[in-house]
Every structure is written in C-alpha cells, then in structure tokens.
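Model, not experiment: these values are computed from the prediction.
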Amino acid sequence: MTRSFLSRFVVALVSLSATGCFFGSAPIPAPNLPLDPGEQRQVLSCQKRINTAVRQLQGVTTKQLSRCLGMGLDLVLDEERELTTATLPDFFDRRDRVRERCSDFFDVIGRASTRMIDDVIGKCAPVESLVLTDPSRGDPMGLKSFYNPISTVEELAAEYCGAATASAEVLVSSVYMRTADLAWRYYGTDEEEDLRSTWQASLDPRCARMSLNL
C-alpha cells in the first residue's frame, strides 16, 4: 500500500512540475456536520505542523544529500586529473573518507525523519477521525480522497516522510547530474535503487520508501 501511494506522489510531483497544476480534488462537498470552532483550531494546527515538519525534513534531506554529492564530485574531478598507479592508494583512502562522511550525512537525515513523524503524530492524533475517516465531517484537509484508504495519522506521517525525502532526492539528482556516475565509482553500483537503498537505510523505519521504478 505504501509504495503505491508514494509512487503516485512522485508521478504527480513530476507532472506538476511541468504543468503547474495543484494536488487534490475540487470541489470538495460541504460536510454533513461542520467543524466546531475548537475542532477547526485543532485541524488548522495539524495542517500547520505538517507543513512545517515536511519542509524541515525536505530541507535537511536536500542539504545532506547535496553535501555528500558535492564531496563526491570534488573527489572525482581530482581523480580525473591526478589518478595514477602511484596515487591510487591515496585516492582509495579518500574514497573511504567520503563514504564515511556520507554515512554521517545520511544519519542526520534519519534523525530528522524520526522527528518529523513524531511531530506530525503528536499534533494530528487528536483530529485523526476528522481529517481521515469520519465521512460525516467532510474533508477538512483534503486528505480523504487523495490518501484513501489511509486511516491513521501514523500512516499519514509515514507518507509525508516519504514525500519529503523523495522530492528532495528528485531535486538534488536534477542538480547533481553525475549522481549515477558517482554511485558507480564510490558505491560500486549503477542501479539507482541500490544507491537509494544506501541512504534510505538511515530513515526511520516508519518512513515510506520511494521507488522511481514505477
């Protein structure tokens, strides 16, 4: 279930970047039982927390993946100029250091993914039925049609975690166009999924995993 939702998100993300359209469905019918003022404040607080938490995780993921790829690009350009049989041992050592530093960067993303999921669950659990399951309350955040049949805020937070990290990777790999080459050189793989699994291994186990093999 998770993969299908996240795959749909990635497809939509790529499509929207070209068309400029928005997510969600319109119009949303009025509910049988509108939110009372207290419920409305809670729903808005949940929406605000999701917005903040997703942006923060996306930013952390973008920054840390970029740091890893930036170090890799610097190293490969040095290798293209200076790699010989005499300098090979030194470059092997540098490759090891780059991989170690990248592992540190990936761990930062992992800790951020845990904070993001916990923050969303903590703020949105009180309105779980209002925004996800209760058909009489309409669709106050526009989630019920897009994320159906997700029924818990933990599942919702997992999807947003996947969306934040997936969109960050799409952006970073579009900027660092040698990502596949660096993966082949420093991680011994020419498969995007293998490289993706390397950095995603640090993500919170609840976080949805992205696949671009749709």
Side-chain angles (χ1 to χ4, degrees), residues 1-19 54-117 158-214:
M1 182 179 69
T2 295
R3 174 168 177 168
S4 65
F5 283 122
L6 192 52
S7 296
R8 181 169 59 179
F9 170 83
V10 175
V11 170
L13 178 67
V14 174
S15 299
L16 295 179
S17 67
T19 64
V54 169
R55 288 190 295 108
Q56 288 175 342
L57 178 56
Q58 185 184 50
V60 169
T61 305
T62 299
K63 178 179 179 179
Q64 300 304 322
L65 291 181
S66 297
R67 292 177 72 184
C68 175
L69 290 169
M71 291 181 63
L73 181 60
D74 184 39
L75 177 55
V76 75
L77 294 177
D78 282 350
E79 288 182 358
E80 289 174 352
R81 183 181 58 253
E82 301 172 6
L83 184 61
T84 65
T85 53
T87 62
L88 189 60
D90 178 60
F91 276 108
F92 278 163
D93 289 341
R94 289 183 62 184
R95 289 184 182 190
D96 287 340
R97 290 196 295 272
V98 166
R99 284 191 292 267
E100 290 173 1
R101 292 293 291 131
C102 285
S103 293
D104 293 337
F105 301 150
F106 301 157
D107 287 342
V108 173
I109 298 172
R111 291 191 293 272
S113 70
T114 296
R115 287 195 301 272
M116 178 265 163
I117 292 175
E159 293 299 320
Y160 277 123
C161 179
T165 53
S167 57
E169 188 192 27
V170 169
L171 176 61
V172 171
S173 62
S174 72
V175 172
Y176 284 90
M177 298 297 290
R178 292 191 67 165
T179 298
D181 175 61
L182 295 173
W184 173 79
R185 290 173 184 272
Y186 304 131
Y187 286 93
T189 176
D190 57 3
E191 296 291 335
E192 287 187 9
E193 287 300 311
D194 291 340
L195 177 61
R196 183 169 298 115
S197 65
T198 298
W199 74 265
Q200 287 190 346
S202 296
L203 293 176
D204 188 286
R206 297 169 294 178
C207 186
R209 300 302 197 265
M210 180 185 73
S211 172
L212 291 183
N213 294 334
L214 309 176

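- Looking only at distances, no side-chain donor or acceptor of Thr61 sits under 3.5 Å from a matching main-chain atom of Ala168.
- Annotation: side chain of Glu79 is in contact with side chain of Arg185 (closest heavy-atom distance under 4.5 Å).
- Salt bridge status for Arg178 with Glu80: present, with a side-chain N to carboxylate O gap under 4.0 Å.
- By the 4.5 Å heavy-atom criterion applied to side chains, Val108 and Asp104 are not counted as neighbours.
- Side chains of Trp199 and Gln64 form no contact here, defined as non-hydrogen atoms less than 4.5 Å apart.
- Rounding to the nearest 0.5 Å places OG1 of Thr198 at 11.0 Å from CZ of Arg99.
- In this structure, Arg94 and Asp78 have side chains that are in contact, with non-hydrogen atoms separated by less than 4.5 Å.
- The shortest non-hydrogen separation linking Ala86 to Pro89 is O-CD, 3.6 Å.
- Counting heavy atoms from C-beta on, the side chains of Tyr186 and Leu75 come closer than 4.5 Å.
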>> Apply side-chain contact (heavy atoms from CB on, under 4.5 Å) to residues Ile109 and Leu65 and explain how you reach the verdict.
In response: CA-CA 9 Å; Ile109 298 172; Leu65 291 181; 4.0 Å; yes
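- In terms of heavy-atom proximity, Leu182 sits nearest to Gly72 at CD2-O, 3.5 Å.
- Rounded to the nearest 0.5 angstrom, Leu57 CG and Thr62 OG1 are separated by 9.0 Å.
- Taking CG of Asp93 as the reference point, atom CG of Leu88 lies at 10.0 Å (rounded to 0.5 Å).
- Using modelled atom types, one side-chain atom of Arg209 and one backbone atom of Cys207 make a donor-acceptor pair closer than 3.5 Å.
- Of all heavy-atom pairs between Phe106 and Ser202, the closest is O-CB, 3.3 Å.
- Nearest approach of Ala112 to Val60, heavy atoms of both residues: CB-CG1, 3.8 Å.
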> What's the verdict on side chain to side chain donor-acceptor pair (under 3.5 Å) for Ser167 and Gln58, showing C-alpha distance, side-chain angles and the deciding distance?
Replying inline: CA-CA 7 Å; Ser167 57; Gln58 185 184 50; 2.8 Å; yes
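- Using a 4.5 Å cut-off on side-chain heavy atoms (C-beta onward), Thr114 and Arg206 make contact.
- Counting heavy atoms from C-beta on, the side chains of Arg97 and Met71 never come closer than 4.5 Å.
- To the nearest 0.5 Å, the span separating CG on Leu171 from OG on Ser66 amounts to 7.5 Å.
- Residues Ser173 and Thr179 share a closest heavy-atom pair of CA-OG1, 3.9 Å.
- Two residues are said to be in side-chain contact when any heavy atoms from C-beta on lie closer than 4.5 Å; Ile117 and Cys161 meet this criterion.
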